[in-house]
Number of protein chains: 4
Amino acid sequence: MKAALVLFAERGYDGTTVPMIAESAKVGAGTIYRYFANKESLVNGLFQHCVQVFSDTLKYEAIHSTPDIREQFHYIFQRLVKFADNNVNALLFIESHNSAYYLDDRSKQVFDELLGTFRQVLENGKKVGVIKEFNTDALIAIVYGSFVLLFKLIKSGVLTETPDLLEGVEESCWNAIRIL
Amino acid sequence: MKAALVLFAERGYDGTTVPMIAESAKVGAGTIYRYFANKESLVNGLFQHCVQVFSDTLKYEAIHSTPDIREQFHYIFQRLVKFADNNVNALLFIESHNSAYYLDDRSKQVFDELLGTFRQVLENGKKVGVIKEFNTDALIAIVYGSFVLLFKLIKSGVLTETPDLLEGVEESCWNAIRIL
Amino acid sequence: MKAALVLFAERGYDGTTVPMIAESAKVGAGTIYRYFANKESLVNGLFQHCVQVFSDTLKYEAIHSTPDIREQFHYIFQRLVKFADNNVNALLFIESHNSAYYLDDRSKQVFDELLGTFRQVLENGKKVGVIKEFNTDALIAIVYGSFVLLFKLIKSGVLTETPDLLEGVEESCWNAIRIL
Amino acid sequence: MKAALVLFAERGYDGTTVPMIAESAKVGAGTIYRYFANKESLVNGLFQHCVQVFSDTLKYEAIHSTPDIREQFHYIFQRLVKFADNNVNALLFIESHNSAYYLDDRSKQVFDELLGTFRQVLENGKKVGVIKEFNTDALIAIVYGSFVLLFKLIKSGVLTETPDLLEGVEESCWNAIRIL
DNA sequence: CATGAATGAGCTTTCATTCAT
DNA sequence: CATGAATGAAAGCTCATTCAT
């Protein structure tokens with residue numbers, strides 16, 4: 001799955017062949033079929049796993065350790081960064097595959113749940129009157145879209161990940177969605 | 001090329017077959033090869049064309065009709081929206097294919113020039129002291145990342161494009177990059 | 001037909017495309033189909049034409065102007081050389097295509113007639129007691145096989161055609177088939 | 001390779017399709033590509049193999065067991081016959097493909113080495129004063145050309161291979177190149 | 001009468017998948 | 001349980017042939 005993730009993230013599902021994955025994983029091509037019914041099962045399994053890890057990373061109790069929404073946002077952003085740091089490929093794989101024709105219902109559902117988590121955080125912020133009253137999905141687009149492209153650029157070497165960079169982006173995202 | 005664009009945007013390069021394109025374009029599969037040496041030539045030609053149209057759309061003289069940077073940002077955002085409205089598929093195609101393994105040097109160069117245009121606008125804003133001093137590519141990530149995901153969600157039906165929505169996102173993006 | 005001959009001789013029937021012939025002949029591909037029903041008609045027509053020219057070249061009355069069989073052989077060899085000189089490609093085309101799967105009955109018949117001419121000359125020689133009593137087709141293999149390979153080597157540049165060379169080969173061929 | 005040899009010998013390279021070879025070899029078409037990168041690799045590999053077998057067949061120590069050049073010629077001719085008997089298709093395949101556009105450098109080189117062996121034998125005969133002083137390649141054309149056409153006719157059924165036939169052709173070839 | 005754009009059958013080649021080892 | 005050789009369906013691509021111009 002690790003090998004598949006890297007390849008899917010870099011070359012896409014259809015651009016990755018099973019023998020490629022096998023070679024990269026240093027197993028025989030047939031071995032893959034002992035764990036997954038077919039290539040589609042593999043992407044779906046992998047997708048669901050990645051989304052799960054993403055969800056788990058976000059579910060950080062400490063978020064609620066403070067009543068300050070800005071600080072909560074900081075915690076969440078920190079978790080996003082943590083996930084991206086440890087799983088850039090997973091992040092990009094999820095982003096580039098989340099509406100693919102080969103995803104099954106379970107994958108779509110799991111992804112929707114992840115979106116739900118995002119939405120919840122923002123809606124809560126709105127309720128408390130710190131985040132501006134605006135279409136939640138649009139707010140997600142702003143924060144998550146920025147975040148994904150940021151790490152795409154970091155991965156490709158255009159940008160270098162530094163505390164200053166991350167802090168700056170976090171501040172920008174916050175300014176984008178907060179009430180001014 | 002229109003047929004190829006839609007399919008590439010929706011299924012990716014490797015997920016799109018030449019017969020699919022041919023059928024969608026209502027021509028014989030062989031006909032495609034009278035205009036493109038091979039499938040790779042087709043994506044590259046298409047990519048370059050889309051980037052060109054994008055560049056052209058951005059080159060809007062009116063931008064400089066006002067000294068007000070906020071208003072300039074508005075014009076630019078408006079142009080982005082115009083391009084997205086007329087060419088959603090082109091926008092998403094560019095975003096999902098811009099670092100693909102099958103792009104040739106010309107494609108990469110053309111895309112870099114587009115990035116250059118983006119950078120220029122932001123750097124200018126910084127010079128005038130309205131946009132915050134921050135890594136230009138990071139600022140691009142924020143605005144362009146937001147913008148792309150916004151239209152991805154609009155295209156998928158999650159969001160509905162309305163003047164209010166666009167205005168809100170524009171305001172958010174502006175708040176993200178301006179000096180507060 | 002000239003263009004087709006060169007290409008067929010050099011690349012074979014299946015290795016030559018109709019557009020290749022058209023380009024080499026500086027006509028449109030469609031034009032060829034105004035003169036030949038299809039590619040197969042073209043090879044067959046060409047083959048028959050070449051064999052005809054070959055036959056005509058051999059039918060040299062002067063052959064019978066002398067009762068001396070060695071001299072007659074000289075005349076025939078001279079005619080072979082004449083044909084090869086003026087139509088190397090035709091010679092090689094005939095040799096490499098004479099038992100091809102796409103030749104029609106007429107082509108086979110015409111080629112058999114050419115063989116008949118060869119046989120007649122040799123049988124006559126045997127009757128007069130100058131050429132050795134041996135399977136006629138074997139004698140043809142010896143003289144014609146030598147001759148064809150000779151010109152193949154000349155065409156490819158391995159050998160250079162000179163009066164001495166031709167005289168020597170003629171003498172050798174004569175020694176091969178005459179009664180010693 | 002056996003299946004390919006027969007088909008290439010009978011229909012030529014371009015007239016033979018990979019599925020034809022696969023069917024004849026009773027394997028799947030894809031299987032061929034596990035052993036050869038492509039069709040061109042296949043012809044080249046086959047060509048080199050055939051030439052190798054031919055070379056090996058000629059390298060018969062017994063040749064030097066007698067100082068008599070006529071007897072040596074007999075041995076060589078015998079080896080040619082042996083090769084032709086066991087590999088008619090290889091003989092004809094080599095002859096009809098030896099200057100084809102799809103042969104790579106290695107193939108050309110290997111074939112040149114075979115020619116070198118032929119040349120050596122004849123040059124040696126000249127040195128000893130038994131074979132006539134004449135362009136070596138022309139002598140090859142005579143003997144080898146005769147030989148190839150002989151077996152082409154045998155294969156096609158025009159001639160029947162008998163000891164008498166072979167003996168007669170050998171004698172004729174000898175007479176063609178010896179000093180009279 | 002000449003043309004060459006268009007076509008689709010069929011070629012070369014790839015690759016997800018199977019299965020004997 | 002792991003493997004990778006074998007497979008054939010389907011991909012990318014070519015080219016003989018047609019036909020509107």
Side-chain angles (χ1 to χ4, degrees), chain A residues 4 7 11-23 25-43 102, chain B residues 4 7 11-23 25-43 102, chain C residues 4 7-8 11 13-23 25-43 102, chain D residues 4 7 11-23 25-43 102:
Chain A
L7 286 162
R11 306 178 51 101
Y13 173 69
D14 291 293
T16 302
T17 69
V18 174
M20 266 180 202
I21 299 170
E23 198 202 337
K26 279 170 201 154
V27 297
T31 305
I32 290 170
Y33 286 85
R34 297 196 56 74
Y35 299 92
F36 298 95
N38 48 42
K39 199 185 168 189
E40 221 168 292
S41 276
L42 173 54
V43 228
Y102 40 75
Chain B
L7 285 161
R11 307 178 50 102
Y13 174 68
D14 291 294
T16 302
T17 70
V18 173
M20 268 179 200
I21 299 169
E23 198 200 336
K26 278 171 202 150
V27 296
T31 304
I32 289 170
Y33 288 88
R34 290 192 57 74
Y35 298 93
F36 299 95
N38 47 43
K39 201 184 164 189
E40 221 168 292
S41 275
L42 173 54
V43 228
Y102 39 74
Chain C
L7 286 162
F8 284 156
R11 307 178 50 102
Y13 173 69
D14 292 294
T16 302
T17 70
V18 174
M20 267 180 201
I21 299 170
E23 198 201 337
K26 280 167 200 154
V27 296
T31 305
I32 289 170
Y33 286 84
R34 297 197 57 75
Y35 299 91
F36 299 95
N38 48 42
K39 199 185 168 189
E40 221 168 292
S41 275
L42 173 53
V43 229
Y102 40 74
Chain D
L7 285 161
R11 306 178 50 102
Y13 173 69
D14 291 295
T16 302
T17 70
V18 174
M20 270 178 198
I21 299 169
E23 198 200 337
K26 279 171 201 152
V27 296
T31 304
I32 289 170
Y33 287 87
R34 290 193 57 76
Y35 299 93
F36 299 94
N38 48 45
K39 199 184 164 190
E40 221 168 293
S41 276
L42 173 53
V43 228
Y102 40 74

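In what follows, every chain begins at residue 1, and chains take the letters A, B, ... in the order their sequences are listed. It should be emphasised that the depicted structure is a prediction, and the values quoted were computed from it without experimental measurement.
- Using a 4.5 Å heavy-atom threshold, the side chains of Leu42(B) and Ile21(B) count as touching.
- Residue Leu7(D) contributes atom CG, which lies 13 Å from atom P of dC11(E) at whole-angstrom precision.
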I'd like a list of close polar pairs between nucleotides 14-17 of chain E and the protein, N/O only, cut-off under 3.5 Å.
unit_1, atom_1, unit_2, atom_2, d
dA16(E), OP1, Lys39(A), NZ, 3.2
dA16(E), OP2, Val18(A), N, 2.5
dT17(E), OP2, Tyr33(A), OH, 3.0
dT17(E), OP2, Lys39(A), N, 2.8

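- The two residues Asn38(C) and Tyr33(C) come nearest to each other via the heavy atoms CA-CE2, 3.8 Å.
- In terms of heavy-atom proximity, Thr16(B) sits nearest to Met20(B) at CA-SD, 3.9 Å.
- As a whole-Å value, the separation of Glu23(B) CD from dA10(F) C1' is 15 Å.
- With a 4.5 Å cut-off on side-chain heavy atoms, Tyr13(D) and Lys39(D) count as touching.
- Taking atom CZ of Arg34(D) as the reference point, atom P of dT7(F) lies 10 Å away to the nearest angstrom.
- In terms of heavy-atom proximity, Val43(C) sits nearest to Phe8(C) at CG1-CE1, 3.8 Å.
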Dot-bracket line, read 5' to 3' along DNA chain F, where crossing pairs take [ ] and | marks a partner on another strand, Watson-Crick or G-U under 3.5 Å: .||||||||||||||||||||

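- Note on Tyr35(C): only backbone sugar-phosphate atoms sit closer than 4.0 angstrom, heavy atoms only; bases stay farther off.
- Residue-to-nucleotide proximity on DNA chain F shows that, of Ile32(D) and Lys26(A), the 5′-proximal contact is made by Lys26(A).
- Across the protein-nucleic acid pair, Phe36(D) atom CZ and dA5(F) atom P stand 15 Å apart, rounded to whole Å.
- Of the inter-residue distances, the one linking Arg11(B) atom CZ with Thr17(B) atom OG1 reads 8.0 Å to the nearest 0.5 angstrom.
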